[in-house]
Amino acid sequence: MPSNAEAAEIFRNIADLLDVLGERFKPEAYRRAARSIETLAEDLGAVAARNELGSIPGVGEAIGEKIREYLATGTVHYYERLKREVPPGVVELLRLPGLGPKTARRFWVELGIEGPAELATAIEAGRLTGVKGFGEKKIDQIRLALAAARAAPRSGHDRAAIESVYPVAERIVQALRAVPGTERAEAAGSFRRCRESVGDLDILVTSTAPEKVFDAFTALPDVREVRVRGPTKETVVLASGLQVDLRVVEPAAFGAALQYFTGSKDHNVHLRSIARARGLKVNEYGVFRDDERVAGRTEEEVYGALGLAWIPPELREDLGEIELAARGPLPPLVAQEDLVAEFHVHLPPTASPSDIDRLVAEARSRRLSFLGVVVGEVDADGHARSLPPSTVRRLGAAAVEGLTVARAIETGLGPRPEPFGRLAADYRILRPTRSEPAAFAPPTDRPEPLVIAHLGAEGTAPETVRRWIDLARRASASVEVGPGPERLDSTWARIARESGVRLALPSGLGLPPEDPTVAIALGFARRAGAGASAILQKRSLSARSRSGT
DNA sequence: GCCGTTTTCGGCCCGACTGTTTTCAGTCG
């Protein structure tokens, strides 16, 4: 079964092999294609069927042909040939930190070393001593890297889920903001772009006393190792294994540095080619014409100097956003202040009328205009439970000026469960079940589903998710987006949005202020290119009731 | 191998840091 992920993996492996073979530009070309394919919101097969492989950034004639070969046969001849040319162990050498293609190639060609085990033996036998370019420190470094790789064979390439990085980023940024001399401190990189997973955490600081910032950074409680420390950057590894890069720049360069360290790589490369075309140079210190800095203090300035509108970080993947920004300001993406409706709140079965009062009070203080509370649900075993009748009654009378209060039931597909027969509900939250593949038709019973939740539940096949999104479209329902295994990530959110399905985002009601769920859900929706109109709102509901029943 | 307000050929982002070098190569992001 061909998959985008496997195709990307093949092209990445081809890049590594070409690297070891000493190719100059092809490896990056294959990696670029791999990155594009990975973030594609659609199956390669579907794109190929429309004859549109060439529209994928970084995919041209040659790679397009290899994709078609892969889709048809499951393999790529070119890849198989390269694998026969290079011993597998030589590619493994590339995984060692500090050891790149040039060195791996030298080991292989000059010393006949064909893998990590042979390299270790060679070092212990003193075969590297006296070889040009290998001093004592370098050899020690390699020995340590080999030992680390033996102890944890697959570490170093793991990416952390963004929700787990949030508290870490928050803590570090706060700590650095507290350092005397710090003017600004921000997390950048894929974290700021709100990617689902984060490889390294990038932190950017402007300060009048950089040394103090580096000292505070090194002294953070969970720093396990300092990997690099220079006058403008430092890299540490936390106890969790997360690598954190810190850069300190002068305030006049903050915008340029933030832009640069937010990436993505492809986005930045594209920006620079535009700069060159205009006789400009972009780096992390600013936009320069000859030696004169023409922009740098803010990101808006940097984009402006290149003739572009500012681009939200979540869109910076070089997937067409730059071309859009060249034509004028981008349409606004959904923002925190658009999240004025909460459609999916659970209360414990023991909830009392006064719990309702508290919930309503919180909804008002958050300026929500809609509050939907689950009053009855069917759990995974088919057992139904509902809130006490007195609580439900209180809910019915809870609406206040400016706040609509609604009752929801949450069920799987199929006939409405009997226990809810007399329970008045305003809408239904549908929870997909994997065991109902034949039932992909819009339910006709009332109330109709408004939200499809828990869709990303672990183990759900992509094809099934696709069918649920299609069901949502036909039923005019929305799908939940956000972090965690039970909501959809930004790639799926984009697929949903592009097929006209609204996205349901949490409002944060009932969550502590430091909980990142809302920020991440918002980030995913923004990555999907969603504006406020793509989000399920109170008015989406009123529009439905007017046109329906 | 890709790509084009610099190009259909000839480029391919740019700088920091480390180690090994007396001026640079390799790696990394």
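Per chain, numbering begins at 1; letters A, B, ... match sequence-line order. All values below were derived from every heavy atom in this structure, side-chain atoms included, with hydrogens, water molecules and symmetry-related copies excluded.
At a threshold of 4.0 angstrom between heavy atoms, the contacts of Glu234(A) with the nucleic acid are absent. Nucleic acid contact for Glu23(A): none, since no nucleic acid atom lies under 4.0 Å from a heavy atom of the residue. Across all strands, Leu18(A) comes closer than 4.0 Å to no nucleic acid atom at all (heavy-atom distances). Residue Glu28(A) is classed as having no contact, given no heavy-atom separation below 4.0 Å to the nucleic acid. Within the nucleic acid shown, Lys132(A) has no heavy atom closer than 4.0 Å to any nucleic acid atom. Using a 4.0 Å heavy-atom criterion, one finds that Thr235(A) contacts no nucleic acid atom at all.
The aromatic rings of Phe191(A) and Tyr166(A) sit tilted relative to each other, their planes meeting at an angle between 30° and 60°.
In the set dC17(B), dG19(B), dT27(B), the nucleotide with an atom closest to the side chain of Gln141(A) is dG19(B). Closest to the Asp245(A) side chain, of the nucleotides dC2(B), dC17(B), dG29(B), is dG29(B). Between dG1(B), dG19(B), dC12(B), one nucleotide has an atom nearer to the side chain of Tyr30(A) than all others, and that is dG1(B). Of the candidates dG26(B), dC13(B), dC17(B), dC17(B) carries the atom nearest the Val228(A) side chain, counting heavy atoms from C-beta on. Residue Lys138(A) places its side chain closer to dT20(B) than to any other of dT20(B), dG15(B), dG26(B). Side-chain atoms of Arg272(A) lie closest to dC13(B) of the nucleotides dG26(B), dG19(B), dC13(B). Taking every side-chain heavy atom of Lys102(A) into account, dG26(B) is the closest of dG26(B), dC13(B), dG1(B). Nearest to the side chain of Lys137(A), among dG29(B), dT20(B), dG15(B), sits dT20(B).
In this structure, CD1 of Ile139(A) is placed 12 Å from C1' of dT20(B), rounded to the nearest angstrom. Whole-Å rounding puts the Arg106(A) CZ to dA25(B) P distance at 13 Å. Rounded to a whole Å, the CD atom of Gln259(A) is 15 Å from the P atom of dC13(B). dC2(B) atom P lies 14 Å from atom CZ of Arg35(A), rounded to whole Å. Rounded to an integer number of Å, the gap from NZ of Lys66(A) to P of dG1(B) is 5 Å. Rounded to a whole Å, the CG atom of Leu306(A) is 15 Å from the C1' atom of dC14(B). Regarding Ile37(A), its CD1 atom lies at a distance of 13 Å from the C1' atom of dG1(B), rounded to whole Å.
dC9(B) sits 24 Å from dC14(B) when the C1' atoms are compared, rounded to a whole Å. Comparing the P positions of dG11(B) and dT7(B) gives an interatomic distance of 14 Å, to the nearest angstrom. Taking the C1' atoms as reference points, dC3(B) lies 15 Å from dC13(B), given to the whole Å. The gap from the C1' atom of dC2(B) to that of dA16(B) amounts to 28 Å, rounded to the nearest Å. The same atom, P, is picked in dG4(B) and in dT21(B); the two are 43 Å apart, to the nearest Å. Separating the C1' atom of dT8(B) from that of dA25(B) is a span of 34 Å, rounded to the nearest Å.
A salt bridge links Asp266(A) with Arg32(A): the closest approach of a Lys/Arg side-chain nitrogen to an acidic carboxylate oxygen falls below 4.0 angstrom. Salt bridge annotation for Asp19(A)-Arg31(A): present, with a cationic side-chain nitrogen under 4.0 angstrom from a carboxylate oxygen. Look at Arg192(A) and Glu186(A) and you find no salt bridge, because none of the NZ, NE, NH1 or NH2 atoms lies under 4.0 Å from a carboxylate O.
You cannot call Phe25(A) stacked on the base of dC2(B); the centres under 5.5 Å and planes under 30° rule is not satisfied.
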*Report the C-alpha separation of Phe254(A) and Arg297(A) in whole Å, then their side-chain angles, then the decisive distance to 0.1 Å, and conclude whether the side chain to side chain contact (heavy atoms under 4.5 Å, CB included) test is met.*
CA-CA 5 Å; Phe254(A) 182 77; Arg297(A) 191 166 284 278; 5.9 Å; no
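Remark: Asn283(A) is in phosphate contact with dG15(B), judged by side-chain N or O atoms under 4.0 Å from OP1 or OP2.
Screening Val248(A), Thr206(A), Thr218(A) against Val213(A) for a side-chain contact (heavy atoms from CB on, under 4.5 Å) leaves a single residue, Val248(A).
At a cut-off of 3.5 angstrom, the base of dG1(B) holds no donor-acceptor pair with the side chain of Tyr78(A).
Open room surrounds CZ on Arg24(A); 12 or fewer heavy atoms of other groups in view lie less than 6.0 Å from it.
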